[in-house]
Amino acid sequence: MEQTQGNLKVKVQQFGSFLSGMIMPNIGAFIAWGILTALFIPTGWFPNEQLNEITGPTITYLLPILIGFTGGRLVYDIRGGVVGAMVTMGVITGAEIPMFLGAMIVGPTGAYCIKKFDELVDGKIKPGFEMLVNNFSSGILSSILAIIAFLIVGPAVEVLNNFLATGVGFLVENSLLPLASIFVEPAKVLFLNNAINHGVISPIAIEQAAETGRSVLFLLESNPGPGLGILLAYTIFGRGSAKQTAPGAIIIHFLGGIHEIYFPYILMKPVLILSAIGGGMAGVMTFSLFNAGLVVPASPGSIFAILAMTPRDGYVGVLAGIIVATIVSFAISAVVLKTSKATNNTIEDASEKASALKGRKTIVPEVQSSFSSAEKFSDTVETLAHTKKIIFACDAGMGSSAMGASVLRNKVKKAGLSIEVVNSAIAQLPEDADIVVTHKDLTSRAKEKLPKAYHVSVDNFLSSDRYDELVEKLSVVKTSV
């Protein structure tokens, strides 16, 4: 039963990662549209009817086409991206609302169809006709799929989108939207937020923002208040290294917008999920009272990004919601931390284990003990000895992985090791990765993607013990082999 639940969680994570893989690379374009909207709409900072003409075509055509192209490229590289973009044009013209959800459907679907066609004719094309067949096959298939998207998919997605929007409207009108935090906050901690955020929330929120100039839905997941309250409570009432690292985590979470930094603090003491839910609900309730919202997604969820995407007349409501969420989350967390007994399930565990690994004689046996055969151990030593690339991977490849890669890169450099350290999304892990570092909740997906790589799991992105341990292993093995 537990294995089935674990597999389901991995599948949902993979689905969410794929959705975020279509959205995250295009966040810059969304921000550009948000800036233009905030500046030049009639209620913006500098209303300008002429410049505001940029915003309409951008949200109607450019952004969905970028999503469709990116989704197609994820499935079948550039060829898939081109087909995905063309099919997206069909779904755009087949509906009267921004087709973000439609682009996320037809873009990858079009790429999958051309991929299967290429596999079908592989080896059957006469020499000299490859380019002709490739170009005409993608063109003919794109036109057929664009017609289908125009006639069927576009109207169907519009009906679905209107249904979802009606459901959200019902929650807002009946003051039930805060209940969404019951699902959103646990999903964030389990790295399932992308499936909810990019699959359902963002498409509806973008449509709302296009009509009204803002949407509170953009704040459901990006509100830093719940996480900030938990980290503040750890800073004051925490113990050991959790207390010591919490202030640094606050800076990364609140200013840098990398919310994944506080997930391990909840996983150490799972009852703190009530703090996140309580803070999230209080924040959403406050946002609703002030009719607050953002013009585009705030990604990453930094306070700077949130304020930059806030409408001119919305700062009071947005700041009030964040402050209220922080206070409620802090209050609940403080009670939990002050009344709970100390356990071994802390960030200090990693420090205590790493402290025993001193010198060459203790490191190599530890590596060997994690493998059941001499052959596996030999393969691992071989991998470590010839490591050229380390990948720090997270769900989207832009938040926690960028931070972790930066920390690890500095340590590798100080150790004098000539090893490349970069960050990546799990779904796009390069085949030439020798070592893959991930959060423990994402390691199973990374192993599924690159089973032959050497995998390292971390509990806390700020805890350098695992990084020090890896660098020490690499140093010892490289000088021993």
Side-chain angles (χ1 to χ4, degrees), residues 7 10-26 61-95 99-157 198-199 388-389 391 393 397 424-434 436 445-453:
N7 291 336
V10 169
K11 295 298 182 184
V12 175
Q13 285 179 343
Q14 290 175 332
F15 177 66
S17 179
F18 184 79
L19 294 177
S20 66
M22 286 188 275
I23 299 294
M24 295 301 289
N26 299 307
Y61 298 103
L62 177 62
L63 296 180
I65 289 175
L66 284 175
I67 293 173
F69 173 83
T70 306
R73 185 173 182 178
L74 286 174
V75 174
Y76 197 39
D77 204 31
I78 295 296
R79 183 166 166 80
V82 172
V83 173
M86 183 60 214
V87 180
T88 300
M89 194 63 192
V91 80
I92 289 172
T93 52
M99 272 287 103
F100 295 95
L101 187 57
M104 296 170 77
I105 295 172
V106 301
T109 301
Y112 179 80
C113 290
I114 192 64
K115 180 180 180 180
K116 288 302 177 182
F117 175 84
D118 286 352
E119 292 176 356
L120 185 65
V121 302
D122 185 33
K124 300 177 182 178
I125 303 174
K126 293 183 178 181
F129 289 87
E130 293 87 355
M131 182 177 294
L132 182 67
V133 173
N134 287 340
N135 288 334
F136 271 88
S137 61
S138 62
I140 294 172
L141 183 62
S142 295
S143 62
I144 294 173
L145 294 177
I147 294 172
I148 295 174
F150 176 85
L151 296 175
I152 300 175
V153 181
V157 171
H198 298 304
K388 295 182 179 179
K389 178 179 287 188
I391 303 293
S424 168
I426 290 181
Q428 300 175 44
L429 280 172
E431 294 293 335
D432 61 344
D434 301 301
V436 179
R445 288 173 55 197
K447 287 183 176 179
E448 182 180 311
K449 183 71 176 180
L450 287 182
K452 294 183 179 180

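- Listed by first and then second residue, the side-chain hydrogen bond (donor to acceptor under 3.5 Å, both in side chains) pairs that reach into residues 80-95 come to none, sequence neighbours excluded.
- Interatomic distance, CD1 of Ile114 versus CG of Leu120, reported as 11.0 Å (0.5 Å rounding).
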Query - Worked verdict on Phe150 versus Met89 for side-chain contact (heavy atoms from CB on, under 4.5 Å) - result: CA-CA 8 Å; Phe150 176 85; Met89 194 63 192; over 6 Å; no

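- By the side-chain contact (heavy atoms from CB on, under 4.5 Å) test, Ala149 is found to be paired with Val87, Val91, Val106, Val153, residues two or more places apart in sequence or in another chain being considered.
- Tyr112 is linked by a side chain to side chain donor-acceptor pair (under 3.5 Å) to nothing, counting only residues two or more places apart in sequence or in another chain.
- No more than 12 heavy atoms of other residues, nucleotides or ligands sit less than 6.0 Å from atom NZ of Lys115.
- In this structure Lys116 satisfies the side chain to side chain donor-acceptor pair (under 3.5 Å) test together with Glu119, sequence neighbours excluded.
- In this structure Glu431 satisfies the side chain to side chain donor-acceptor pair (under 3.5 Å) test with no other residue, sequence neighbours excluded.
- Atom CG of Leu101 sits about 4.5 Å away from atom CD1 of Ile105, to the nearest 0.5 Å.
- Expressed to the nearest 0.5 Å, how far CD1 of Ile92 lies from CG of Leu63 amounts to 9.5 Å.
- Residues that satisfy the side-chain contact (heavy atoms from CB on, under 4.5 Å) test with Ile147, not counting sequence neighbours, are Leu151.
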Query raised in the report: Taking it one step at a time, do Tyr76 and Asp118 satisfy side-chain contact (heavy atoms from CB on, under 4.5 Å)?
Result: CA-CA 10 Å; Tyr76 197 39; Asp118 286 352; 2.7 Å; yes

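- Among residues two or more places apart in sequence or in another chain, the side-chain contact (heavy atoms from CB on, under 4.5 Å) test is passed with Ile78 by Phe69, Arg73, Val82.
- Taking Thr109 as the reference, nothing meets the side chain to side chain donor-acceptor pair (under 3.5 Å) condition, with sequence neighbours excluded.
- Residues forming a side-chain contact (heavy atoms from CB on, under 4.5 Å) with Ser143 (at least two apart in sequence, or on another chain): none.
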